[in-house]
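Note sheet for the following structure.
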Amino acid sequence: MNVKFFLDTADLAEIEEAASWGALAGVTTNPTLYSRIGGKLDDFHAHIKRICDIVGPDCPVSAESVAMTRDEIVRDGRELAAIAPNVVVKIPTMVEGLAATRALADEGIPVNMTLCFTVPQAILAARAGARYISPFVGRFDDISEDGLAQLDDVVRAIGNYDFSEDTVNGEQIEIIAASIRSANHVTQAALMGADIATVPFGILKKCVQHPLTDRGLESFLKDWEKVQNA
Ligand code: G3P
């Protein structure tokens, strides 16, 4: 399995730009990100379809259900999954969410269990049949706890076992390092062996840049000017 970048956004321009760089392997959205771009409830499904069209069928697009009961989440999940074959239903790690994940996984619908903070939560998500599990890093840092250490625990615990009997079509679970706030979070997630880092566009841009790259470019250009004037 390869380490991959997902973009954590609902902004179509950002998705188009990141896709053009050739390294975009998926998109994750959530209600906050959708509201940030002025999203309206009745346009939500159409918006997810637009994202799916931009990234193409090989890139999973996580669309979150905000329903609170098993049956409502399952209904939402079926509707979301019907938008495009690459839609992944994003469901919070809670009792009703686990039950809905089991039901959707049994129907062959992939689930990304989100708002996951601990190893026991991740194990429950795995046993419920989640295709992706999203441990949050930054939110731990926000409360002065070590989000990277928690991510490391989840990566190692899930990596210890084979959950292929629980997942859709026996696929291997992928861990998405989420709530990523810096390029260093991405570095550490990759060193720990997380399968995916889902990052806001601003962080993705920071991952491309380095001051020494900029300085190197400046001196190349200066020297090239000298060559041209020689
Ligand atoms: O994918 C989850 C992510 O959107 C949460 O990030 O920065 O709101 O903690 P953040």
Side-chain angles (χ1 to χ4, degrees), residues 3-15 17-19 23-39 44 47-48 51-52 54-55 59-67 73 76-77 80 86-94 97-98 100-101 110-119 121-122 125-126 130-155 158 173-190 192 194-207:
V3 64
K4 288 175 273 200
F5 273 112
F6 283 9
L7 199 60
D8 200 27
T9 188
D11 187 312
L12 300 180
E14 290 181 355
I15 295 166
E17 169 84 31
L24 186 65
V27 174
T28 52
T29 62
N30 64 31
T32 308
L33 296 169
Y34 186 55
S35 81
R36 209 173 278 164
I37 58 147
F44 180 59
H47 195 77
I48 295 295
I51 296 175
C52 290
I54 294 171
V55 298
C59 280
V61 174
S62 286
E64 188 152 354
S65 167
V66 287
I73 300 169
D76 245 16
L80 289 167
N86 50 330
V87 167
V88 174
V89 183
K90 199 171 175 191
I91 299 177
T93 311
M94 57 179 186
L98 288 169
T101 296
V111 170
N112 171 3
M113 287 226 88
T114 189
L115 283 169
C116 174
F117 292 91
T118 67
V119 169
Q121 284 182 315
R131 170 71 177 79
Y132 300 92
I133 301 173
S134 294
F136 276 32
V137 176
R139 302 250 181 128
F140 262 125
D141 295 357
D142 292 347
I143 57 163
S144 304
E145 288 196 33
D146 188 348
L148 286 170
Q150 299 287 347
L151 172 66
D152 190 33
D153 285 351
V154 170
V155 169
I158 295 300
I173 294 169
E174 289 182 88
I175 302 291
I176 304 178
S179 185
I180 291 288
R181 306 277 172 75
S182 66
N184 182 51
H185 278 171
V186 176
T187 303
Q188 300 307 323
M192 287 166 195
D195 303 290
I196 295 153
T198 190
V199 296
F201 187 61
I203 303 294
L204 190 65
K205 279 201 289 192
K206 284 199 175 130
C207 289

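Not measured: the values here are computed from a predicted model. Note that ligands are numbered from 1 as they come in the structure, with each ligand's atoms numbered from 1 the same way. Only heavy atoms go into these numbers, but all of them, side chains included; no hydrogens, no water, no symmetry mates.
- At a 4.0 Å heavy-atom cut-off, ligand 1 touches Asn30 through the side chain alone.
- The protein heavy atom nearest to atom 2 (C) of ligand 1 is Phe136 CZ, 3.3 Å.
- In terms of polar-atom proximity, defined here as any N/O pair under 3.5 Å, Asp8 does make such a contact with ligand 1.
- Heavy atoms of Lys90 approach ligand 1 to within less than 4.0 angstrom.
- For Lys206 (side chain) and Ser182 (main-chain N/O), no donor-acceptor pair under 3.5 Å exists by modelled atom type.
- Checked against a 3.5 angstrom limit, the closest N/O atoms of Thr28 and ligand 1 fall outside it.
- The shortest contact between atom 6 (O) of ligand 1 and any protein heavy atom is with Ser179 CA, 3.4 Å.
- Side-chain atoms of Asp141 come within 3.5 Å of backbone atoms of Gly147 as a donor-acceptor pair (strictly under, hydrogens ignored).
- Using a 3.5 Å distance cut-off with no hydrogens or angles, the side chains of Thr9 and Glu14 do pair a donor with an acceptor.
- Looking from atom 8 (O) of ligand 1 to the surrounding protein, the closest heavy atom is Arg139 NH2, 2.9 Å.
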### Query
Taking it one step at a time, do Thr114 and Asn30 satisfy side chain to side chain contact (heavy atoms under 4.5 Å, CB included)?
CA-CA 10 Å; Thr114 189; Asn30 64 31; over 6 Å; no
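- Residue Ile73 comes nearest to Ala67 through the heavy atom pair CG1-O, 3.5 Å, listed as atom of the first residue, atom of the second, then distance.
- Counting protein heavy atoms only, atom 10 (P) of ligand 1 is closest to Arg181 NH2, 3.5 Å.
- A distance of 9.0 Å separates CD1 in Ile51 from CG in Asp11, rounded to the nearest 0.5 Å.
- Between Phe140 and Phe117, the ring-plane angle classifies as perpendicular under the 30° and 60° cut-offs.
- At a 4.0 Å heavy-atom cut-off, ligand 1 touches Ala178 through the side chain alone.
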